[in-house]
Structures are given as structure tokens and as C-alpha cells.
Amino acid sequence: MTEVRDYSNLIGGELRPAADGRTLDSVNPATGEVWATIPRSGAADAAAAVEAARAAFPKWSGMPAAGRAHYLRKVAEVFAKNAKELAELETIDNGRLITETAKRDLPGMTYLWTNAAAECAAAVEGRSVDFGPGSQGLTRREPYGVVLGIIPWNSPISTLSAKAAFALAAGNTVIIKPAEQATVSSLRFGELLREVLPPGVLNIVSGLGEEVADPMVRGRDVNKVSLTGSVGTAQIITRASAESLKPLALELGGKSPNIVFADADLDRAAPGVTTQAIFTANAGQICYGGSRILIQRPVYDEMISRMKEIAAGIRLGDTLSPDTTMGPIVSAEQYERVTSYLEIGAKEGAELIFGGRFGAELVDEAHAGGYWVEPTLFATSDNSLRVCQEEIFGPVAVALPFDTEEEAIALANDSVYGLAAGVWTRDLGTAQRMFRRLDTGTVWVNTYRKVMFPLEGTKDSGYGNDSVLAYTREKAGLFEF
């Protein structure tokens with residue numbers, strides 16, 4: 001029987017349970033077992049976090065940039081010292097493999113916080129404009145105040161860091177609301193920062209969105225909201241924020257095209273459209289996953305053959321083992337959603353190229369209670385199918401053939417999403433044209449999933465980003481003498 005651990009909110013520098021004592025279970029998706037409990041916070045906890053953040057704001061925002069940078073560098077040191085523990089907690093909590101959390105995410109966060117420290121100076125820079133004798137214009141950048149960051153379950157610590165580090169660098173105080181499906185690593189991070197940051201500067205409050213985030217979004221004492229999540233959640237937040245007209249930053253989902261031209265280096269492109277882009281350590285549960293694989297006809301059959309071979313070598317199982325190459329789906333609810341699309345694809349007439357199985361038969365007995373779906377590829381020439389248009393958020397992709405560059409652009413842009421795209425070609429001219437004409441926020445050429453900050457989408461993939469300047473507003477003044 002797994003020992004169940006208890007975790008607490010960080011509010012005003014103190015570790016606190018929910019005010020009414022309620023909790024939520026955290027389930028290890030690799031086994032289906034409860035392994036931790038987290039606070040099921042409510043309106044009282046939200047109000048306490050807002051009060052703490054507002055109380056801390058004057059001193060934090062009034063601190064010289066060098067002072068805030070000093071604190072952020074101390075946070076970076078916390079990451080460097082505790083990366084192994086945080087990586088393991090995140091892996092157990094959301095099923096993302098330890099090879100990904102320990103080697104990709106957490107080491108990068110040390111750099112991110114250090115970089116945010118260096119950006120503190122940019123948050124206080126302004127401009128001077130001479131309007132003529134006796135008339136001068138000045139601008140200065142100011143923080144918004146209290147920022148609410150709502151983060152997803154697929155990469156909690158890295159998303160928390162992207163929001164909190166730059167918002168703090170800009171002089172804001174921050175409240176983080178983690179996704180209830182994977183909260184533990186964020187709460188443990190809060191424990192580690194109790195002795196590092198001044199009380200109230202960073203607060204972390206767990207629970208259900210409608211119970212804890214909603215009152216903060218609606219209230220006037222939170223000055224900006226930054227969400228990484230689904231379109232549905234963004235729509236709820238947008239409607240709720242209308243009561244106080246606060247600015248939003250929304251980094252949402254995607255149905256990203258990954259485009260392979262006939263002249264591409266197929267040795268690079270084959271893993272680039274599979275284990276690098278969709279059949280990943282996080283089981284395709286990434287907003288910019290390359291789930292639509294567009295392949296030029298002269299190399300279509302060769303690419304399909306290579307993808308089959310790669311998929312056959314993917315190993316599911318113990319998420320803490322370096323030998324495992326793909327993890328589980330994060331929760332029972334998401335598992336049901338992903339597996340439903342296997343049936344949808346078949347009913348729509350898409351050809352099943354490989355995969356399609358799910359459940360206990362894919363893993364050993366110790367992991368039979370987990371939420372397992374094997375890498376699955378459909379093929380079709382009809383981009384209107386639901387498996388081509390709707391975000392599945394799992395290890396399910398679709399291959400579509402194309403003939404010309406114009407057709408590839410039309411197929412790629414035929415989506416309500418516009419977060420990212422991949423292009424595989426040896427031709428610089430093709431790469432440049434695709435970069436200009438693809439309606440996405442990010443385009444990777446001959447690589448995929450190397451995250452760039454800021455990551456910003458188009459269309460239903462959202463707007464706004466996490467950067468120092470995005471967490472400040474510019475104030476103008478005109479002086480006449």
C-alpha cells in the first residue's frame with residue numbers, strides 16, 4: 001500500500017490547509033493509486049491569498065530591481081539543489097517520465113529563474129522624448145499589482161516558473177492556482193520557498209477552479225490573470241473577468257501541423273514527427289504536440305514505414321525507470337476522452353496505421369491500474385475529420401498526404417488553432433516561405449518542441465505571453481517648464 005502524503009497551501013509565507021479542512025486525492029496515473037492529498041481550497045482561502053499578495057505588493061514593487069533579482073537568483077539555487085526531488089514528485093503526480101522532468105524541465109528552470117533575475121532591470125526602464133523647448137515626455141513601466149497564474153497539469157513546475165518568475169521580476173506579487181490533477185510538485189515548491197521569498201510575494205493555492213480561482217478572477221483585487229489551459233477554461237475565465245475588466249494572457253491548446261517535404265532529411269524527420277512531437281514522454285499531452293503529420297507524397301510511404309518502426313520501439317511502464325519511453329494519460333477523465341477518439345477515428349473512416357490499443361494489456365501487473373494508451377496513428381486525406389480538427393491531448397496523431405507547397409499551407413492553416421508548426425526541408429526558400437505563411441505563433445524548422453519564450457498562439461490558441469514586459473504596463477507623463 002502506497003503511503004499517502006499530505007501537502008498544504010502556501011499563503012502569506014505560511015503552510016496552510018484549506019480553511020474548511022477539505023482535501024482532494026492525488027492519483028498516480030501510472031498505477032491508479034492515491035498517493036497524496038492536497039487542500040480543496042475555497043473562497044476563504046482565495047481571499048486570504050489575495051490579501052497576502054496585496055499586503056506584500058508595496059514593498060516588493062518598491063524594491064530596487066537589483067533587490068528583486070537577488071531573490072530570484074535564490075529561487076534558482078533552490079531549483080538547483082532540489083531538482084531531483086521535484087522531478088520525482090512531478091513524475092509520480094502527472095505521469096510525465098522522469099527522463100523528461102529530470103533532464104529536460106527542471107534543469108531548464110534554474111536557467112529560467114536566473115534569466116528572469118537578469119530581466120528585472122528591463123521592468124523599470126522607460127523612455128524620454130523631447131517635444132521641444134520646455135516640453136519633455138517620459139514613460140515608466142509599472143507592475144500590474146497582484147497576478148493570478150492558472151497552470152495546467154501536464155508541466156506544472158515549468159509553467160509555474162514561466163509565470164511567476166517574470167511576473168515577480170516585473171514587481172508584481174503572484175498567486176498560483178495549480179491544476180487539481182497534478183498539484184503536489186507546486187505545493188512542495190512552495191514549501192521550499194518559504195524561507196527564500198518574503199511572505200506573500202508568492203502564494204500557491206490548490207483546489208477546483210470553480211471554487212478557488214473563480215472568485216479571484218471576478219474580484220477587483222487581482223489585477224491580471226495568466227492562464228495556460230484549455231479553450232473551455234479560457235472562455236469561462238474571459239466571461240468571469242468581464243466583471244472587473246482585468247487583462248488576460250491565454251496560452252491554450254493546439255492541433256499543430258508537422259510538415260515533411262520530399263527533400264527533408266528523413267533520418268531527422270521520422271523521430272521529429274513521432275517521439276519528438278507527439279508520442280512523447282508525456283504521452284502527447286502537450287499543447288503544441290504535432291498531432292497532424294503532413295507528408296509530401298513522394299516520401300509518404302517511406303515516412304509511414306519509419307514511423308511504424310519507431311512506434312514499435314516505444315516502451316510503456318514504470319515512469320521512474322530510464323528504460324520507459326512514454327508515460328500514461330494523466331487521469332481517468334482524460335483517459336476516457338483520449339480513448340473515445342480511437343472509436344471516433346474508426347467511425348469516421350480514417351485508416352488505423354498502428355496502435356489503437358489501451359488499458360492493462362499494455363503494461364505489467366504493477367501498472368495495470370494506470371491510464372495507458374499506446375501510440376496511435378490514423379491516416380486520411382480528409383482534414384475535416386474530428387481526429388484532424390479537435391485537440392485530443394494524447395498519443396494519437398493523424399497523417400495526411402499533400403502534393404504541393406500551396407496545399408501544405410492550406411492544410412496546415414485549416415484549423416481553429418494556431419499555436420505551433422514544424423517544417424522539415426533542406427530548402428531554405430521553402431523554410432522561409434512556410435515560416436511567413438503558417439498562421440501559428442511558433443514555427444520550428446528541422447526540429448520540434450524546443451520551447452521558445454514567449455510562447456504565443458493565434459486564433460483559438462490564445463493571446464498574450466509570459467515575459468517581463470508582458471507583466472508591466474507603460475505609464476506616460478508630459479512635463480512642461
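Along the sequence shown, residues are numbered consecutively beginning with 1. Side chains are part of it too, since the values below use all heavy atoms of this structure and drop only hydrogens, waters and symmetry mates. All values derive from a computational prediction rather than experimental measurement.
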> Without swapping roles, check the side chain of Q285 against the backbone of V330 for a donor-acceptor pair under 3.5 Å.
yes
> Going through the distances and angles, do T233 and S230 end up as a side-chain hydrogen bond (donor to acceptor under 3.5 Å, both in side chains)?
CA-CA 5 Å; T233 301; S230 69; 3.0 Å; yes
> Output yes when R292 and E390 qualify as a salt bridge under the 4.0 Å nitrogen-oxygen rule, no when they do not.
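A salt bridge is absent here (no side-chain N lies under 4.0 Å from a carboxylate O).
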> Strictly by modelled atom types, are W424 and N258 linked by a side-chain donor-acceptor pair under 3.5 Å?
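Looking only at side-chain atoms, N258 and W424 do form a donor-acceptor pair, the distance falling under 3.5 Å.
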> Within the side chain of R68, is there an N or O that forms a donor-acceptor pair under 3.5 Å with the backbone of M63?
yes
> Does K224 make a cation-pi contact with Y471 (under 6.0 Å, within 45 degrees of the axis)?
yes
> Should we say atom CD of E474 is surrounded by more than 12 heavy atoms from elsewhere, each under 6.0 Å from it?
yes
> I'd like to know whether the aromatic ring centres of Y71 and W60 sit less than 6.0 Å apart in this structure.
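Close enough - the centres of the two rings lie under 6.0 Å apart.
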> Between S467 and N465, is any side-chain donor less than 3.5 angstrom from a side-chain acceptor?
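Result is yes, a qualifying pair exists.
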> Can the ring centres of F393 and W153 be said to be less than 6.0 Å apart?
yes
> Could you tell me if the side chain of T319 sits less than 4.5 Å from the side chain of R96, heavy atoms only?
no
> Output yes when R188 and E191 qualify as a salt bridge under the 4.0 Å nitrogen-oxygen rule, no when they do not.
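Looking at R188 and E191, the cut-off is met.
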> How far apart are the C-alpha atoms of L187 and S8, what are their side-chain angles, what is the distance that settles it, and do they pass the side-chain contact (heavy atoms from CB on, under 4.5 Å) test?
CA-CA 6 Å; L187 295 180; S8 301; over 6 Å; no
> Quick one, L377 and M307 - any side-chain contact, counting heavy atoms below 4.5 Å?
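Yes, close enough: below the 4.5 Å cut-off.
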> Using salt bridge (Lys or Arg N to Asp or Glu O under 4.0 Å), reason through R449 and E100 one step at a time and then give a plain yes or no.
CA-CA 12 Å; R449 210 163 66 92; E100 182 109 339; 2.9 Å; yes
> If the threshold is 4.0 Å, N to carboxylate O, is there a salt bridge linking R73 and E77?
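Looking at R73 and E77, the cut-off is not met.
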> Could you tell me whether E211 and R22 make a salt bridge, using a distance below 4.0 angstrom between a side-chain N and a carboxylate O?
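Yes, charged N to carboxylate O under 4.0 Å.
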> Between P156 and N154, which heavy-atom pair has the shortest distance, and what is it?
CD-C, 3.7 Å
> Thinking salt bridges, do E142 and R473 make one under a 4.0 Å N-O criterion?
no
